[in-house]
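Let me begin by presenting the structure, written as structure tokens, before commenting on it.
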Amino acid sequence: MDSIIQFFTTPSFLMQALINGMVIGALFSLAAYGLALVWGVMNIINVAQGDFVILGGYVAFYALGISTPFLEALQPNFFSRILLTPGILPLLSIPIASSILFVFGYLLYKVIIYRIVSRDLFTSLLATFGISLALQQLMNLSFGADVQFINTGLPTLFFMDDLVALPVVRLFSLILASILSVFIVIFLKKSKMGLAIRAVSQNARAAALIGVNTDRVYAFTFALNTAICGACGALVGMIFNLHPYIGTPYTVRSFMIVIFAGLGNLPAVILSALGLGVFEESADFMFGAELRLAFVFSLLVFVLVFRNWRLSKKREYLK
Amino acid sequence: MRDFTKNDIRLFIALCSLGLVAPILFPAYINQLSFAWIFVVIALSWDMQGGHMGYNSFGNIVFFGVGMYAAASFQILPFFSLGDWTEAGGVQTFEHSVSQYFSGYALGILFAAIAAVATAFIFGNLILKMRGHYFAICTLALGVAIGEVFASIEILGAGQGLSLAVWPRGFLDDTYRRLFFYYQGFLLFVLCFLSISYIIRTRFGMTLNAIRDGEDKAESMGLNTNFYKISSWILSAFFIGLCGALVGHLVGFIDPIDVAFSGATYGIWMIIMAIIGGKGRLWGPVIGALFFHAFNEIFWTYFLGWQRVALGLIIVIIVVFFPEGILGFFQVRKKSSVSALSTQPQQQKK
Amino acid sequence: MHPHPHPPNSNKNTSQTLAKPKLASSSQALLQVQKVTKTFGGVVANKEVSLTVQSGEIVAIIGPNGSGKTSLFNSIVGSYPIDSGSIVFNGEEISSLSIRQIALRKLLRTFQTTQVYTRMTALENLYISLPQNTVSLRSIFSVPSKGTKDKAAGLLEFIGLYDKREFLAGDLSFGQQKLLELAMSLMCEPKMLLLDEPTAGINPTLINGLIDRLKTIRKEFGVTLLVIEHNMRVVMNLAERIYCLAHGQVLVEDTPENIQNNKIVIEAYLGAQ
């Protein structure tokens, strides 16, 4: 109780929670948008979403881990000097993680996902759950069970008499996440593939009838989602940390954001993601970090029950 | 499918006789055999709503964990302070006498059932009104949430876990301890199988099927679907809670995340076992569980460190290629050969 | 959105002179719908629809596609709350009740696209359709009684599906599923049945038989029928009164003979302005 009062009466705590919440909210919104994309277009709820995020983080981590010593060993020249400026390489690791995850997602689609696209939801839930389980342990086997994080070498800014800390990398990721989401929206609105994706999401059969190659659209959508996860994961690695078994909370958060915002509504996704981020950070301050997972998962149950209760007044239900 | 045919009875009697003599035939494997019955029971119970009712729950592990904790704590509570017990941790400074152990044991089992049923009733009222994937994801989150909550309850050992009362020292030897648990698992199987095989023949069972096939229709015919849904979840919770209690005693130590509320093992196993055998069929979960358990015991050691990879791949392969399970796979083949021979109505049974 | 050129009662004078339209008085009406309005977002499905069905009547609702017939059925049986208006069934206001509570009051409907329990046999479909307000907990947890079995078999016989009694409902043809759905409703001993296009998808050679059965249902089982139907031959043979809906509103209410010659109805169907 004391901590709750303290939280609400201390401006610096509130400020810190708000800033942290915005940053993680921006990250969640990326993963959530990817989830909504796959859900809306392919009618699959990807339980492995969070694990893709973590995988993206590891890819970025190792891309950095390999390239940094390599560049340092080189004769210093113009390029290596630029690349070794703090922040540049980590920044570059984001598109690298993104593209590798794109290929990964494409392959995963070609091997497994295409078989479950037209199947019922339980099949896709279970199948992606299986992928999630396997991926977690595969990451554990290949990357080790230690907690890792990506060191960007960027400084931390302080405000309000040094009581509120804002690492520059968090500011970075907030901006990057915003740019990325704008980019995704423009892509979906303007490009030919984006148009095809939107057409398939509205009516796959009609789209197929007018000559849209739905299989290609699905493959691309799924790969795009994993690419988004890759970028998100790289940022997660820089801001938080990476561990093979911490993917599921990201899935749950994404899902929660999507059901809050509805499918295909990006501004609402971003808003509810920011809200969730701030909420979670505040809860962290008030109830302690060890209850954070319990809080996130209970919140999802609560949100679902609440939404269902609201719908029941219209004699409808969540389905 | 609904009627209990002569063949079913024969098979059941054969299985029961085997169950009765199995510990004498394979004394070295009594524990594994106990787990076999427990797996059959959790698969059968999950199938009550997953298969027959079509509500695919990822959260029945909640009942398992709640039952386990209830059984453990109510065996300790009447005789010792639970706080002191957990503080002592794995070091057994407290010891139950023979009468304390068994009276506490019975109390624990009773409360395991009550706690699981109460949990099912409360959450059933809240979340069984959702459908499809919302229900599935909600139960998934519920399982993790409750696990995390239990992992933060100090008096139950929090994240360190809770050790159960040990078999009273000097009272019979270890073989009897194992037999004691084995026959309980076996009894649980007989009870569970008989009640489910009866229930699916009743109007209750048919209504569960109706909810699976068209809940809106059932409601528009005046059926109180909520009552059926919650009842079936309670039934499922009852048996799974008792299984949790038994597993707690067999393992001897409760870790909140890795044993009691382990969605990645028991939680997903009960689903996958039912699917392997054939969802929504009486014998499906039985066959699936026995098959899965045998596979587990024989091959798991080869996958050391790779178990979850293997499990994940198994899940993917099964749901992608054999969604109807072993029974469904053979039935489809039989059906197509029959229909090739005659045009008589061949689908009298599913 | 569609200001209609012909107000609903513009032809009252013609119809009233031709025959004796049983303009219902509310006192003995079994179902009375008054000024029911239902909108979905901005789309008006029903606007101030009023209709009355007397006990023991067979009334048909006709109207072009999208005229709000099925929406009206949904509103009556309580699929969703209505925006305004009142629905009185058997002397009781039911517009705020849920679909289940209304079903318990013996007002049932069938669906345009059939809804049967596809992975259960035809007989099992009937076993669980017993009237729910009379079943005891004990009978729920027991195997269907002999009485139930006989009743179900008898109904399948009546509807002409006895040969298919052990078939899975999902394996029946669309028309057979429609019949099965009708049998399920009868199993529930309704006071009133709302049938949504009962003859759509039914083999034309069997339609006459179905009309006879529907009349039998009214006569022998005492069930009042409100029927949505597109097949005019069926409507003319079956109904005693007809409501014609267009753009979510009641256009005309009249006897079959008058409706056939009603200019407004013909225009509504052909889309002439």
Side-chain angles (χ1 to χ4, degrees), chain A residues 39 43-45 47-48 111-113 115-116 119-138 140-141 244-245 248-249 251-252 255-256 259 287-288 290-309 311-312 315 317-319, chain B residues 50 54-56 58-59 123 125-153 158-159 215-216 219 257 263-265 267-268 271-272 275 279 303 305-321 323:
Chain A
W39 188 352
N43 203 19
I44 288 175
I45 295 176
V47 181
V111 178
I112 298 172
I113 305 293
R115 298 174 201 274
I116 58 171
R119 301 270 284 275
D120 63 312
L121 263 158
F122 185 58
T123 303
S124 57
L125 268 180
L126 259 182
T128 50
F129 191 88
I131 292 172
S132 160
L133 277 180
L135 201 58
Q136 283 171 7
Q137 198 164 38
L138 278 175
N140 193 16
L141 289 165
Y245 291 112
T248 317
T251 309
V252 167
F255 183 77
M256 185 155 33
I259 50 169
F287 308 118
E290 68 275 7
L291 271 174
R292 186 174 190 141
L293 279 186
F295 179 77
V296 172
F297 285 87
S298 325
L299 188 65
L300 173 58
V301 175
F302 178 78
V303 165
L304 282 169
V305 168
F306 179 73
R307 275 212 51 193
N308 203 52
W309 175 74
L311 280 175
S312 74
R315 297 185 203 155
Y317 45 81
L318 286 169
K319 72 165 182 182
Chain B
Y55 268 71
N56 297 301
F58 282 86
F123 287 108
N125 269 305
L126 289 176
I127 62 182
L128 272 170
K129 286 173 188 143
M130 290 167 217
R131 300 197 190 165
H133 45 272
Y134 287 95
F135 174 78
I137 298 265
C138 191
T139 52
L140 183 68
L142 185 73
V144 182
I146 304 254
E148 292 288 337
V149 168
F150 268 82
S152 68
I153 299 176
E215 191 174 340
D216 286 327
E219 214 151 278
I257 307 293
T265 57
I268 190 72
I271 304 173
I272 209 67
I275 293 179
K279 232 163 66 133
F303 291 123
W306 291 76
Q307 276 109 335
R308 284 195 186 189
V309 181
L311 178 64
L313 292 181
I314 290 170
I315 293 173
V316 171
I317 290 168
I318 286 166
V319 297
V320 170
F321 295 105

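Just so you know, these numbers use all the heavy atoms, side chains as well, and skip hydrogens, waters and symmetry mates. Here is how names work: the chains are called A, B, and so on, in the same order as the sequence lines, proteins then strands, and each is numbered from 1.
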*Quick one: which of B/G132, B/G147, B/A145 has the most heavy-atom pairs under 4.5 Å with chain A, could you say?*
B/A145
_Heavy-atom pairs under 4.5 Å with chain A, option from B/I314, B/V149, B/I127, B/I268 with the top count_ = B/I268
*Kindly determine whether A/F129 and B/L140 satisfy side-chain contact (heavy atoms from CB on, under 4.5 Å), including the steps that lead there.*
CA-CA 11 Å; A/F129 191 88; B/L140 183 68; 3.8 Å; yes
*asked:* Let's go through B/V309 and A/Q136 carefully: what are the C-alpha distance in whole Å and the side-chain angles of both, what is the deciding distance for side-chain contact (heavy atoms from CB on, under 4.5 Å) to 0.1 Å, and is it a yes or a no?
replied: CA-CA 8 Å; B/V309 181; A/Q136 283 171 7; over 6 Å; no
Give, for atom [atom1] of [X] and atom [atom2] of [Y], the distance between the pair rounded to the nearest 0.5 Å.
| X | Y | atom1 | atom2 | value |
| --- | --- | --- | --- | --- |
| B/E148 | A/R292 | CD | CZ | 12.5 Å |
| A/T123 | B/I318 | OG1 | CD1 | 12.5 Å |
| B/I257 | A/Y245 | CD1 | OH | 14.0 Å |
| B/R131 | A/Y317 | CZ | OH | 3.5 Å |
| A/S298 | B/I146 | OG | CD1 | 7.5 Å |
| A/F295 | B/S152 | CZ | OG | 13.5 Å |

Engaged part of [X] at the chain A interface, taking heavy atoms whose separation is under 4.5 Å:
| X | answer |
| --- | --- |
| B/I275 | side chain |
| B/I271 | side chain |
| B/F58 | side chain |
| B/D216 | side chain |

Proximity breakdown for [X] and chain B, heavy-atom pairs closer than 4.5 Å:
| X | value |
| --- | --- |
| A/F306 | neither |
| A/L126 | both |
| A/I259 | side chain |
| A/I45 | side chain |

Please report the shortest heavy-atom distance between [X] and [Y], naming the atom on each side.
| X | Y | value |
| --- | --- | --- |
| B/M130 | A/V305 | CE-N, 3.6 Å |
| A/L133 | B/A264 | CD2-CB, 3.8 Å |
| A/A127 | B/V316 | O-CG2, 3.5 Å |
| B/C138 | A/L304 | CB-CD1, 3.3 Å |

*Without swapping roles, check the side chain of B/R308 against the backbone of A/L135 for a donor-acceptor pair under 3.5 Å.*
no
*asked:* Using the rule given for side-chain contact (heavy atoms from CB on, under 4.5 Å), can you reason through B/I137 versus A/L300, listing the C-alpha separation, both sets of side-chain angles and the distance that settles it, and then say yes or no?
replied: CA-CA 9 Å; B/I137 298 265; A/L300 173 58; 4.0 Å; yes
Within the structure provided, determine whether [X] and [Y] are in side-chain contact (heavy-atom separation under 4.5 Å).
| X | Y | answer |
| --- | --- | --- |
| B/K129 | A/W309 | no |
| A/L125 | B/H133 | yes |
| B/Y134 | A/F255 | yes |
| B/W306 | A/L138 | yes |

*Run the numbers on A/V296 and B/V144 for side-chain contact (heavy atoms from CB on, under 4.5 Å), then give the verdict.*
CA-CA 10 Å; A/V296 172; B/V144 182; over 6 Å; no
*Which of the residues A/T251, A/L141, A/I112 is involved in the greatest number of heavy-atom pairs with chain B at under 4.5 angstrom?*
A/L141
